Amino acid sequence: MSEFIKLENVTFDYSAEEQNGQHHEAIKNLSLSIEKGSFVAIIGHNGSGKSTLAKLFNGILVPTNGRVTVDGMDTSNEDLIFDVRRRVGMVFQNPDNQIVATTVEEDVAFAPENLGVEPSEIRHRVDQALESVKMSEYKEHSPSQLSGGQKQRVAIAGIIAMQPECIIFDESTAMLDPQGRKEVLETILKLKERGMTVILITHYMNEAVNADRVVVMNGGSIEMDGNPREVFSQVEKLREIELDVPQVTDLAYRLRRDGFELPEGLLFEEETIGALMKLFERGK
Amino acid sequence: MLKDITLGQYFSGDSALHRLDPRTKIILVLIYVVTVFLAKNLFSLTFLLVTAIVLVALSGISAKIVLRSIKPVMILIIFTAVINIFLTTSTDAPLINWGVIKIYKQGIVNAVFMIVRILSLIIGSSVLLTYTTSPITLTDGIERLLKPLKKLHVPVHDFAMMMTIALRFIPTLLEETDKIISAQKARGAGFDSKGLVNKAKAFLPILIPLFVSAFRRADELAVAMECRCYRGDEGRTRMRVLKYSSKDAVAFAFSVLFILVVVLLNGISTALAI
Ligand SMILES: Nc1ncnc2c1ncn2[C@@H]1O[C@H](COP(=O)(O)OP(=O)(O)O)[C@@H](O)[C@H]1O
Ligand SMILES: [Mg+2]
C-alpha cells in the first residue's frame, strides 16, 4: 500500500497566528502516515487534539511547524488547496451545521458545483451518491424533515459526490441515537469495502474495533498506534489516559485478572462468547 | 409549534404558473406592478382585477388561500380608503357636508381605485411569484437576473448564498427557539409578563442562548463549506440550469398584450371625458 496522507514533525498552535504570547500546542511534533485504502480509527479524550489533527489532514489548518502532504501535495501550497480538499472529505459531528441547501439533492450537489463540474455530470453524481447512502427517495425533502441519522447520511452523500479518495469522520455518530449511529456506521463500513480510505474519529470503542489500525491521541501526541488487538489489550494504559475499552474486552480483562484463562485482546461479541464457551466446557 | 410556520408561503404544484422560469415570473411581476400604477380609470382597473382573478385560476391555488393572504393587509386597505374619502377635496359640491367633514364624489372614487389597486397588487404578485415559486428557485432566479451587476462588483452571488443559508436555517433556528423556551420554562421563567420592558426582559434568556448557538453554527458551517471546496462563485457551475421555454415566450406575449389593453382602456376615459 502507498502512503496517502503524510505528516512530518507537525506542530500546531492555535495562538501562533494571533501572537498573544501564550503558547499552547494542540499538536506536538507529530509524525504519522496514512496508507491508501486503509481504515484508521483515532481515539483520545476531549481536547487531545483529534479535531485539530483532522483539520490538518485536509488543509483547513496548516501546520505551524512541519509538513503535511496529501498524495504528495503540500497542504500549505495555496495553489493546490482545492485539489487537497477534493481528495480528503470531512464529515462533522453536528448534522445540522454542515447542510447548506434547502433540499437534499441541492445540498449533495454543492461540492461538485463548487468544483465546476458539468451540470449533467453533477446530476449523475448526486443520484449515485444518494443511492449509495440509501437516501434516494428523500432527494426532494427539506433537511429539516429528516432524522439525525438521515441528515448525517446526506452529509456523507455530499462528500461522496465530490469523489474523494479519503473521508474523515470527526465524531460523526456522537449526536445520533443508536439507530442513527448504526445507519451511519454501516454506511462507513460499506465505503471502506469499496476501497475508500476512512479515518474515523470516535468515542465509541465498539466502532473503533472495526478499523485496521487504531491511533490513540493524548495531549497532542500519539500515545499508541497499532491494530485494534494490540491497542485494546493494553487496558491499564488506556485507563490512565481516561479512555475506555470495548465492553467485551473489559469483561475478558477482568476475568483474566481473576485467573480465568482467556486470550488477550478480545474485541467482538461473537469471539468472546466463543472463548467463554470453550472455557466453560473445559471447566466441566 | 413555531416550526409549523410556513415559509415564503410557497404552495407546491404543477400549474402553468409553477412551470414558468423564475426569471420570467420576476419580470412579469415587475411589469404587473408598474401597470397597476399606470391604470387610472374604472375600465383599466376592472381589467386589472379580472387579470388578477385569471392568474389565481391559472395558479391552481384555491381562492380561499388567496383571500386569507389579504386578511393581514385589510387594515391597511381600510385605512387608505378612509384617508382618501375624508381628505380628498375638490371643486364640486360635497356629497356630505358636516361642517369640518366634507365628503366629495372624487374622494369615494379615489378610495375605490386605491382598494382595487392594492388588491390587484397583492393578489397578482403573490400568485405570480411567492405562491408558485419555491424560495430556492426564486433565489436562483434573482441571482441570474442580477448577474450583469457582477461586472459592477456587486456581490450578487454572495447575497444569493446568504439568502439560501438563511432559508435553510430558519426552520432549524425556530426549532431551537422552541427548545430554549421549554428549557427556560422548566427553570421557572415566565413569558406572559405585562409591559414592554418586562416582555423584552423575559425574552433575553431566549435571545442570548439563541445567538450563541447561531454563531457556533455559522462557524461550523463555514468550515464545512470550505471542506466542500467552496470559494465563492469562482468557477462554480450549477446542477439545475435555468432555461427559457416556449411557455415563457407565451407569458411575455401575454404581458405585452396586457400593457396594451391597460393603455387602451385608459384612453377610453379620455375619449368619454369622464
Ligand atoms: N479554535 C480554537 N482556538 C483555540 N484553541 C483551540 C481551538 N480549537 C481547539 N483548541 C484547543 O486545542 C486543543 C485540541 O482540541 P481538539 O483538536 O478540538 O481536541 P478533540 O477534538 O480531541 O477534542 C484543546 O486544548 C482545545 O482547547
Ligand atoms: Mg473534536
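Proteins get letters first, then strands, A, B, ... in listed order; numbering begins at 1 in each. When reading the values below, keep in mind they use all heavy atoms of this one structure, side chains included, and skip hydrogens, waters and symmetry mates. Given the structure is predicted, the values throughout are model-derived calculations rather than measurements.
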Examine whether an atom of B/T164 lies under 4.5 Å from a heavy atom of chain A, and if so say whether it belongs to the side chain, the backbone or both; otherwise answer neither.
-> both
Against chain A, label B/V241 side chain, backbone, both or neither, depending on which of its atoms sit under 4.5 Å from a heavy atom there.
-> side chain
With a 4.5 Å heavy-atom cut-off, do A/E165 and A/R86 have their side chains touching?
-> yes
For the interface with chain B, which of [options] has the highest count of heavy-atom pairs at distances below 4.5 Å?
options                        : result
A/Q93, A/M162, A/E118, A/E106  : A/E106
A/T103, A/V126, A/V100, A/I159 : A/V100
A/V88, A/V91, A/D107, A/N94    : A/D107
A/G59, A/P164, A/G89, A/A111   : A/A111

Closest non-hydrogen atom pair, A/I199 against A/C166 | CD1-SG, 3.9 Å
Measure across A/S136 and A/D127 and return the closest heavy-atom pair with its distance rounded to 0.1 Å.
-> OG-O, 4.3 Å
So, B/R168 and A/D96, do they make that salt bridge, N to O below 4.0 Å?
-> yes
Is the shortest side-chain N to carboxylate O distance from A/R125 to A/E121 below 4.0 Å?
-> yes
Checking [X] against chain B: side chain, backbone, both or neither under 4.5 Å from a heavy atom?
X      : result
A/F92  : side chain
A/I99  : both
A/L115 : both

Verdict with supporting geometry, A/D71 and A/K36, salt bridge (charged side-chain N to carboxylate O under 4.0 Å, His left out) = CA-CA 9 Å; A/D71 222 1; A/K36 208 165 230 164; 3.7 Å; yes
Among B/R217, B/E220, B/M161, residue most engaged with chain A (heavy-atom pairs, under 4.5 Å) = B/R217
Test salt bridge (charged side-chain N to carboxylate O under 4.0 Å, His left out) on B/R19 and B/D14 and set out the steps.
-> CA-CA 6 Å; B/R19 275 175 286 155; B/D14 196 31; 3.7 Å; yes
